[in-house]
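Below: one structure, written as structure tokens.
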Protein chains: 2
Amino acid sequence: MGMGRPREFDAEMALDQAMEVFWRHGYEGATIAQLTEAMGINPPSLYACFGNKEGLLKAALDRYTKLRGVWMDEVVAAPTAREVAERMLMGIADKQTDPANPPGCLLVQGGIACGTGSENVPFELAARRAQNEDQLRDRFVRAKAEGDLKESADPAALARYVSAVAVGMGVMASSGADREALRQVADVAVQAVEAQSAAEERRVAGLRG
Amino acid sequence: MGMGRPREFDAEMALDQAMEVFWRHGYEGATIAQLTEAMGINPPSLYACFGNKEGLLKAALDRYTKLRGVWMDEVVAAPTAREVAERMLMGIADKQTDPANPPGCLLVQGGIACGTGSENVPFELAARRAQNEDQLRDRFVRAKAEGDLKESADPAALARYVSAVAVGMGVMASSGADREALRQVADVAVQAVEAQSAAEERRVAGLRG
DNA sequence: CCACATCTGTAGTGAACACTACATATCTGG
DNA sequence: CCAGATATGTAGTGTTCACTACAGATGTGG
């Protein structure tokens with residue numbers, strides 16, 4: 001038996017376009033008409049390929065987090081917790097104001113609150129944000145074990161903190177904050193992580209005695 | 001001429017109910033049916049009183065920011081920049097997890113991204129968030145003038161930073177973070193403000209020389 | 001008690017929404 | 001070249017949306 005007519009569009013390219021629509025308008029604000037037009041296909045092709053609107057969102061999120069995961073790996077490869085935070089937040093300041101993309105972060109813009117029938121969309125986004133937080137926490141646990149973070153540091157709290165700042169920056173970016181403003185936020189934010197570093201602790205202790 | 005039939009509902013009580021619906025479902029996710037049911041009125045009463053859905057949102061935001069403004073006044077009344085940040089972020093940790101309200105912050109939950117026809121809703125929310133940020137900035141300008149913040153401190157950047165953390169905490173709260181988790185974030189965040197204090201600078205300088 | 005003005009409840013309005021039936025087109029395996 | 005399988009484009013489907021026409025109710029000023 002034959003394997004049927006092949007699809008005439010590139011699913012990944014179409015996903016990139018869908019991602020941008022969700023990114024700009026959010027899940028509920030994005031309409032199937034906008035999505036299909038951006039993807040260059042008709043509704044039946046969309047539904048045959050992705051199931052429904054929520055399936056399309058999940059596929060777009062998979063692609064987004066996959067691309068982002070490569071970058072996050074570079075972030076946590078930084079030698080110290082302080083530099084991890086700096087790379088992460090400075091990188092976010094740049095990425096969230098990159099004119100090649102809609103402002104902000106898809107994991108925030110996608111939908112913080114949704115109406116009846118889409119309640120699990122915010123959960124879905126939260127789960128993806130939590131993955132980033134877990135990756136940061138693991139890195140900070142290592143930093144503490146290595147003596148990079150001081151003994152009293154709480155890796156989970158630090159990871160939550162960096163995550164929270166990242167999300168806050170995303171919201172500010174989507175409401176018009178420019179790159180310089182976000183970098184200033186990142187710069188201040190990093191100082192809280194620095195305050196947890198063992199090197200900083202030793203520096204002050206050395207001055208003291 | 002007569003002044004017509006008096007309205008049979010309390011506009012402020014109705015607004016409180018509408019506020020909660022917007023808070024929980026966002027602007028686009030909230031339907032007129034949900035709003036009218038929560039407010040205990042019928043659509044014509046809503047439209048006669050508030051114009052349209054967006055007018056109702058603005059009225060709810062006015063009420064929200066008015067109540068919040070009282071609290072913000074207490075926050076900026078703290079004696080030092082560090083304590084301003086601490087009161088603000090610790091208070092937010094508590095308020096955003098208060099079971100009496102939906103989790104998170106209306107100024108974030110209301111709508112970060114919206115569809116065609118509601119583009120100004122995110123702007124409206126951003127403008128209200130900016131008011132808080134301005135109030136913080138003014139307070140930090142004063143703190144710098146008073147010698148509370150060190151000479152190299154940037155009050156605008158600090159205010160943006162505290163605002164960003166507050167927003168990030170709001171998103172985390174709405175996706176299930178509990179009070180203790182938010183307090184940990186606030187605790188770390190405050191340390192960045194502390195690092196900008198003149199007292200901290202003097203303490204380190206005193207140790208050095 | 002009457003003219004007028006405003007509110008309220010019922011019952012819709014057209015538009016936009018996510019989604020799909022169906023006929024047609026294009027492939028593979030035999 | 002045919003049968004089965006999958007994709008595509010056209011043209012809808014029913015539902016839900018924000019919003020309102022209208023008639024009756026309830027107030028004030030004369």
Side-chain angles (χ1 to χ4, degrees), chain A residues 1-15 17-19 21-22 24-60 110-111 113-122 124, chain B residues 1-15 17-19 21-22 24-60 110-111 113-122 124:
Chain A
M1 346 217 162
M3 50 177 264
R5 176 174 174 178
R7 90 164 40 105
E8 295 180 359
F9 63 95
D10 181 321
E12 288 208 331
M13 284 188 186
L15 263 186
Q17 302 307 314
M19 191 170 77
V21 175
F22 283 132
R24 198 174 296 280
H25 299 289
Y27 176 74
E28 291 194 299
T31 69
I32 297 291
Q34 287 173 325
L35 290 164
T36 52
E37 184 182 352
M39 298 167 85
I41 61 177
N42 289 306
S45 297
L46 190 159
Y47 284 89
C49 191
F50 301 104
N52 56 17
K53 191 183 176 184
E54 200 171 323
L56 176 62
L57 174 72
K58 286 183 183 173
C114 277
T116 313
S118 308
E119 294 93 347
N120 45 337
V121 167
E124 189 73 25
Chain B
M1 351 191 170
M3 51 179 266
R5 176 175 175 178
R7 96 164 34 108
E8 295 180 0
F9 64 95
D10 181 322
E12 288 206 332
M13 284 188 185
L15 263 186
Q17 302 306 314
M19 193 171 75
V21 175
F22 283 132
R24 199 174 294 280
H25 298 290
Y27 176 75
E28 291 195 299
T31 70
I32 297 291
Q34 286 173 325
L35 289 164
T36 52
E37 184 183 353
M39 299 166 84
I41 61 178
N42 290 306
S45 297
L46 190 160
Y47 284 89
C49 191
F50 302 105
N52 56 18
K53 190 183 177 184
E54 200 171 324
L56 176 62
L57 175 71
K58 286 182 182 172
C114 278
T116 312
S118 308
E119 294 93 346
N120 45 338
V121 167
E124 188 74 26

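Per chain, numbering begins at 1; letters A, B, ... match sequence-line order.
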(request) Using five pairs at either end of the helix from C:dC1-D:dG30 to C:dG30-D:dC1, determine the angle between the two local helix axes and round it to 10 degrees. (result) 10°
(request) Check side-chain hydrogen bond (donor to acceptor under 3.5 Å, both in side chains) between B:R7 and all other residues, then give those that pass, not counting sequence neighbours. (result) none
(request) Please name all residues satisfying side-chain contact (heavy atoms from CB on, under 4.5 Å) with B:D10, sequence neighbours left out, ordered by chain then number. (result) B:E12, B:M13
(request) Among the candidates C:dT26, D:dT8, C:dT8, find the nucleotide nearest to the side-chain atoms of A:P6. (result) C:dT26
(message) For B:T31 and B:E8, find the nucleotide of DNA chain D closest to each by heavy atoms; which residue's nucleotide sits nearer the 5' end?
(response) B:T31
(request) Can you sort out the partners of A:S118 under side-chain contact (heavy atoms from CB on, under 4.5 Å), two or more places apart, ordered by chain and number? (result) A:Y27, A:E28, A:C114, A:V121
(message) Quick check on contacts: within residues 115-122 of chain A, what sits under 4.0 Å from DNA chain C by heavy-atom distance?
(response) none
(message) Without decimals, in angstroms, what is the distance between A:D10 CG and D:dA7 P?
(response) 15 Å
(request) Could you tell me whether the side chain of B:F22 reaches within less than 4.5 Å of the side chain of B:L35, counting heavy atoms only? (result) yes
(message) Among residues at least two apart in sequence or on other chains, which ones pass side-chain contact (heavy atoms from CB on, under 4.5 Å) with A:A113?
(response) B:Q109
Between the protein and nucleotides 19-23 of chain C, list the N/O to N/O atom pairs that are separated by less than 3.5 angstrom.
residue, atom, partner, partner atom, Å
C:dC19, OP2, A:Y47, OH, 2.9
C:dC19, OP2, A:K53, N, 3.0
C:dC19, O5', A:Y47, OH, 3.3

(message) Going by side-chain contact (heavy atoms from CB on, under 4.5 Å), name the residues that satisfy it together with B:N120, two or more places apart in sequence or in a different chain.
(response) B:E54
Can you list, pair by pair, the side-chain donor-acceptor contacts under 3.5 Å of residues 39-47 of chain A, counting residues two or more places apart and other chains?
none

(message) Taking the minimum atom-to-atom distance to the side chain of B:M3, which one of C:dT8, D:dG9, D:dT28 wins?
(response) D:dT28
(request) List for me each residue that meets side-chain hydrogen bond (donor to acceptor under 3.5 Å, both in side chains) alongside B:E124, sequence neighbours excluded, and say none if there are none. (result) B:R128
(request) Grab the NE2-P distance between B:H25 and D:dA18 for me, whole Å please. (result) 12 Å
(request) Report the residues that fulfil salt bridge (charged side-chain N to carboxylate O under 4.0 Å, His left out) with B:E8, sequence neighbours left out, ordered by chain and then residue number. (result) B:R5
